[in-house]
Amino acid sequence: MPAMLEGRHILVTGAASGIGRAAAHLFAAYGARLMLLDRDEKVREIADALPDADSAVADITDAAAMAEAITRFPRMDGAFNNAGIEGMDGRMVPIMDYPDAAFAQVMHVNATGLWQCMKAQIPAIQANGGGAVVNTASVMGWLGAAGMAAYVASKHAVVGLTRAAALDCAPLNIRVNALLPGAVETPMLTERGFVVNPGFEQHAAQAHPLGRWAQPTEIAEAAAWLLSSKSSFVTGHALAVDGGFSAR
């Protein structure tokens, strides 16, 4: 039996660390050929360590850079749009104190950046006869959280963009879905969120009924499934991978 992503050409954004890095290694193990994109130069090291992987250092809000990266790919069967920011270096700030510029930055990266990614990716996937797009939202894409108004708003936008794009792309044989992770052991959580928000580390595990936060590979596994033919009748879906957080 062939590997889940055998022979598929997949672009991964935000591939230099966290979920994106885990996805790059997992997708390669599942037989994918990869184009890895990140604004961090470390993405080149990750690509160099994987078979037949290429990389580009670029910001997802730069439409020209996205388009250029895609032209370097032989073809495109799928994309995992994972790049994003939390804003305020992870600090939780009430809406009345949240700076307008910081809100605009979060929306620009998480919502406008995703918009730019999909506008570049969808024609390339269509030209290959179809495929799949997976967008990383968050469990906060359908819930609220104090001190995280900008992040919550941006991730609600990711879910909305995913559902609308799924309807636009269904006639093109392109499936579009979103992942909604709970807390994941990434630099966003452990190096920023836990450090700048006293008590958050203790709360994070307890908030999930499974009693822990996720490992990046657990989220990457869900992305691999959504990118594969095993999820061939799934589109416009927001899949929670949150240890039961949203079931409360």
Side-chain angles (χ1 to χ4, degrees), residues 1-85 109 113-114 116-136 174-179 181 184-188 214-231 241:
M1 181 179 295
M4 194 188 311
L5 299 174
E6 188 70 44
R8 299 203 175 202
H9 291 64
I10 296 173
L11 183 146
V12 180
T13 73
S17 66
I19 295 169
R21 179 175 182 169
H25 285 276
L26 183 72
F27 295 176
Y30 281 149
R33 180 170 178 178
L34 301 172
M35 167 63 79
L36 306 181
L37 188 146
D38 202 292
R39 61 184 181 179
D40 188 332
E41 291 276 353
K42 291 180 182 177
V43 73
R44 299 196 189 282
E45 299 174 17
I46 295 165
D48 288 345
L50 297 173
D52 296 321
D54 199 356
S55 64
V57 177
D59 192 307
I60 61 169
T61 63
D62 185 338
M66 283 296 304
E68 193 277 332
I70 287 171
T71 62
R72 292 166 47 192
F73 217 17
R75 70 169 200 260
M76 187 175 296
D77 302 295
F80 181 33
N81 293 315
N82 175 71
I85 61 172
V109 174
L114 175 61
Q116 297 287 8
C117 286
M118 289 197 292
K119 288 197 75 174
Q121 295 158 1
I122 288 166
I125 296 172
Q126 181 186 6
N128 195 46
V133 175
V134 177
N135 301 322
T136 299
I174 299 172
R175 299 180 299 104
V176 186
N177 293 288
L179 283 179
V184 185
E185 191 172 325
T186 66
M188 181 183 290
Q215 294 300 307
T217 300
E218 293 178 293
I219 312 304
E221 287 280 10
W225 180 75
L226 287 171
L227 287 164
S228 79
S229 60
K230 294 180 181 293
S231 60
V241 189

message: For a 4.5 angstrom cut-off between non-hydrogen side-chain atoms, does Leu50 reach Phe27?
response: no
query: So, do Gln121 and Met66 sit near enough that their side-chain heavy atoms are less than 4.5 Å apart?
result: yes
message: I need the minimum non-hydrogen distance between Val134 and Leu226, along with the two atoms involved.
response: CG2-CB, 3.5 Å
message: Quick check: do Leu34 and Asp54 have side-chain heavy atoms less than 4.5 Å from each other?
response: no
message: Tell me whether Arg8 contacts the main-chain N or O of Leu227 through its side chain, where contact means a donor paired with an acceptor under 3.5 Å.
response: yes
field: Shortest non-hydrogen contact between Gln215 and Glu185, atoms and distance
entry: NE2-OE1, 3.0 Å
task: Tell me yes or no: between the side chains of Gln116 and Asp62, is some donor less than 3.5 Å from an acceptor?
output: no
- prompt: Does any N or O in the side chain of Ser55 come within less than 3.5 Å of the main-chain N or O of Leu36, such that one atom is a donor and the other an acceptor?
  reply: no
message: Do His25 and Ile46 have side chains that approach each other closer than 4.5 Å (heavy atoms only, starting at C-beta)?
response: yes
Arg75 side, atom CZ; Ile70 side, atom CD1 - distance, nearest 0.5 Å: 15.0 Å
query: Of the non-hydrogen atoms in Ala69 and Ala56, which two are nearest, and what is the gap between them?
result: CB-CB, 4.0 Å
message: With no hydrogens and no angle check, just 3.5 Å: does a side-chain donor-acceptor pair link Asp77 and Asn128?
response: yes
message: Surrounding CZ of Arg44 (heavy atoms of other residues, nucleotides or ligands, distance under 6.0 Å), is the total greater than 12?
response: yes
task: Output yes when a side-chain donor or acceptor of Ser228 lies under 3.5 Å from a complementary backbone atom of Leu5, and no otherwise.
output: no
- prompt: Looking only at heavy atoms, which two atoms of Val109 and Gly84 are closest? And how far apart?
  reply: CG1-CA, 4.2 Å
field: Check: Glu218 main-chain N/O paired with Glu221 side-chain donor or acceptor under 3.5 Å
entry: no
statement: What one should report as the nearest heavy-atom pair of Gly20 and Val12 is O-CG1, 3.9 Å
message: Is any side-chain heavy atom of Arg21 closer than 4.5 Å to one of Pro216?
response: no
Arg33 and Ile10, any side-chain heavy atoms less than 4.5 Å apart: no
field: Donor-acceptor pair, side chain of Ser231 and main chain of Trp225, under 3.5 angstrom
entry: yes
query: Taking all non-hydrogen atoms of both residues, which atom of Ile174 and which atom of Gln126 are closest, and how far apart?
result: CD1-N, 3.7 Å
query: Considering only heavy atoms from C-beta outward, does the side chain of Asn135 approach that of Phe80 to under 4.5 Å?
result: no
task: Take Met35 and Arg72, measure what side chain to side chain contact (heavy atoms under 4.5 Å, CB included) needs, and give me the verdict at the end.
output: CA-CA 9 Å; Met35 167 63 79; Arg72 292 166 47 192; 3.9 Å; yes
task: Evaluate the side-chain proximity of Ser17 to Lys42: yes if any heavy-atom separation is below 4.5 Å, no if none is.
output: no
- prompt: For the side chain of Asp38 and the backbone of Ala15, is there at least one donor-acceptor N/O pair under 3.5 Å apart?
  reply: yes
Test side-chain contact (heavy atoms from CB on, under 4.5 Å) applied to Ile60 and Leu37, Asn81, Leu114, the passing residue: Leu37
